[in-house]
Amino acid sequence: MLRIANWSMRVLTQFLTAATDVAQFPALGLPEIAFLGRSNVGKSSVINSLVGTKLARTSSTPGRTRSINFFEIRWPGKPRPELIFTDLPGYGYAKISREISQEWPKFIEPYLNERATLALCLVLVDVNVPPQQSDLQLLQFLSASGRDFLVVATKSDRLSNNQLHQSMRALTEDYPSAHILPYSAKTGAGREELWKHIRQSARQAQAEAETPVSLD
Ligand SMILES: Nc1nc2c(ncn2[C@@H]2O[C@H](COP(=O)(O)OP(=O)(O)OP(=O)(O)O)[C@@H](O)[C@H]2O)c(=O)[nH]1
Ligand SMILES: [Mg+2]
């Protein structure tokens, strides 16, 4: 197993495809990590901060990401990619929610429900914003479909240490069944911890895929 001593190391990345329809999803292969959350919460920014490059397009205007964008992730020195990150369109923003909510049943719900290689869903919430109905709905949806998920509380750089502590306590009460990690795409705070969870899920998914299925 490759041990990464220097977490600021850049990983190698490649954009694979943008899908707005199930037929456009790439063939099943590597374990996938999905980045979910309300519009503008910082999904694309978290991807960029994890990989250390401007891989995913970000914007201060909500509704930037409109397709499921698949990115391959490879460690320097490794011959093959090991992971896929999927950047998803956001939800819950009044102005664009009608448009996007029409799209959910078409390709986002099938992705979350049926994608066999989806190893972990990262549900991003803004650490400065109290829990929203749409976030709770997503967490219920993921629980019901048996998906592993982790809540990532973004934009932690906007709070003082004391405020962050209080916000994290409040979030823990609001999402009692979830593991919650504070994160800042701006400063990189929480990056090592999030990578640990991602790699652990990917390893687990790969081990499960390699376990022979008993035929009796
Ligand atoms: N201060 C601060 N700003 C952030 C952070 N992460 C994202 N932002 C800002 O939040 C805005 C939205 O970021 P995106 O990464 O585009 O958000 P998204 O969730 O991908 O948005 P959609 O694709 O529209 O759903 C941008 O203006 C970012 O610069 C963070 O950790 N700290
Ligand atoms: Mg985005």
Side-chain angles (χ1 to χ4, degrees), residues 1-19 24-90 108 111-112 115 117-127 148-158 179-206:
M1 187 189 73
L2 177 71
R3 292 189 70 85
I4 304 228
N6 176 7
W7 288 90
S8 64
M9 181 194 284
R10 269 194 190 178
V11 293
L12 305 173
T13 57
Q14 194 187 347
F15 169 71
L16 281 181
T17 193
Q24 295 167 344
F25 293 170
L28 293 173
L30 298 168
E32 293 177 8
I33 312 292
F35 292 74
L36 290 153
R38 299 199 312 131
S39 295
N40 216 41
V41 72
K43 299 172 290 298
S44 303
S45 301
V46 169
I47 290 181
N48 291 345
S49 84
L50 284 170
V51 301
T53 53
K54 280 201 161 185
L55 182 65
R57 284 205 200 127
T58 64
S59 165
S60 54
T61 313
R64 168 74 249 190
T65 310
R66 292 301 179 101
S67 45
I68 303 183
N69 298 334
F70 293 77
F71 302 100
E72 251 177 13
I73 307 294
R74 177 157 70 91
W75 303 108
K78 282 275 185 168
R80 281 180 293 278
E82 286 183 45
L83 268 182
I84 288 177
F85 280 178
T86 56
D87 189 11
L88 277 85
I108 302 172
Y111 177 77
L112 297 176
R115 188 79 173 162
T117 46
L118 178 52
L120 177 67
C121 294
L122 298 176
V123 179
L124 275 60
V125 298
D126 188 325
V127 75
D148 279 342
F149 61 85
L150 182 66
V151 173
V152 179
T154 65
K155 309 193 183 182
S156 67
D157 55 278
R158 290 187 172 162
H179 190 92
I180 311 171
L181 279 186
Y183 198 91
S184 167
K186 202 169 168 185
T187 65
R191 189 170 176 264
E192 290 183 23
E193 191 64 22
L194 184 53
W195 263 124
K196 268 187 214 157
H197 283 275
I198 291 172
R199 290 189 56 89
Q200 193 182 5
S201 286
R203 265 200 303 273
Q204 199 179 322
Q206 242 152 6

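The shown structure was predicted, so the numbers you read here are calculated from the model rather than taken from an experiment. Heads up: numbering here begins at 1 and tracks the sequence.
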Do [X] and [Y] touch side chain to side chain, with heavy atoms closer than 4.5 Å?
X: Arg203; Y: Gln206; result: no
X: Pro182; Y: Val127; result: no
X: Arg199; Y: Glu82; result: yes
X: Thr65; Y: Lys43; result: no
X: Val125; Y: Arg38; result: no
X: Asn40; Y: Asp126; result: no
X: Leu30; Y: Leu83; result: no

Starting at [atom1] of [X], measure out to [atom2] of [Y] and round the result to the nearest 0.5 Å.
X: Leu50; Y: Thr13; atom1: CG; atom2: OG1; value: 11.5 Å
X: Phe149; Y: Leu122; atom1: CZ; atom2: CG; value: 11.5 Å
X: Asp87; Y: Ile47; atom1: CG; atom2: CD1; value: 4.0 Å
X: Ile68; Y: Leu16; atom1: CD1; atom2: CG; value: 13.0 Å
X: Ile33; Y: Leu194; atom1: CD1; atom2: CG; value: 9.0 Å
X: Gln14; Y: Ile84; atom1: CD; atom2: CD1; value: 10.0 Å

How close do [X] and [Y] get, heavy atom to heavy atom, and via which atoms?
X: Ala205; Y: Ala119; result: CB-CB, 3.8 Å
X: Ala185; Y: Ser49; result: O-CB, 3.7 Å
X: His197; Y: Leu181; result: CD2-CD1, 3.8 Å
X: Pro76; Y: Val11; result: CD-CA, 4.2 Å
X: Gly90; Y: Ser39; result: C-OG, 3.5 Å
X: Pro31; Y: Ala202; result: CG-O, 3.8 Å

Among Phe71, Phe35, Phe15, ring pair (Phe, Tyr, Trp, His ring centres under 6.0 Å) partner for Phe85: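 Passing option: Phe35.
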Hey, is the main chain of Val41 close enough, under 3.5 Å, to the side chain of Thr154 for a donor-acceptor pair?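 It does hold such a pair.
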Look at the side chain of Asp148 and the backbone N and O of Leu120, then say whether any donor-acceptor pair between them is shorter than 3.5 Å.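 Answer holds: no.
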Hey, mind stepping through Leu28 and Arg115 against side chain to side chain contact (heavy atoms under 4.5 Å, CB included) and telling me if it holds? CA-CA 8 Å; Leu28 293 173; Arg115 188 79 173 162; 3.5 Å; yes
Aromatic plane relationship, Tyr111 with Phe70 - under 30° parallel, 30 to 60° tilted, over 60° perpendicular: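 Answer is perpendicular, since the angle exceeds 60°.
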Given Glu32 and Phe25, is the side chain to side chain contact (heavy atoms under 4.5 Å, CB included) satisfied, shown in steps? CA-CA 12 Å; Glu32 293 177 8; Phe25 293 170; over 6 Å; no
Is the distance from the ring center of Trp195 to that of Tyr183 below 6.0 Å?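 Not close enough - the centres of the two rings lie 6.0 Å or further apart.
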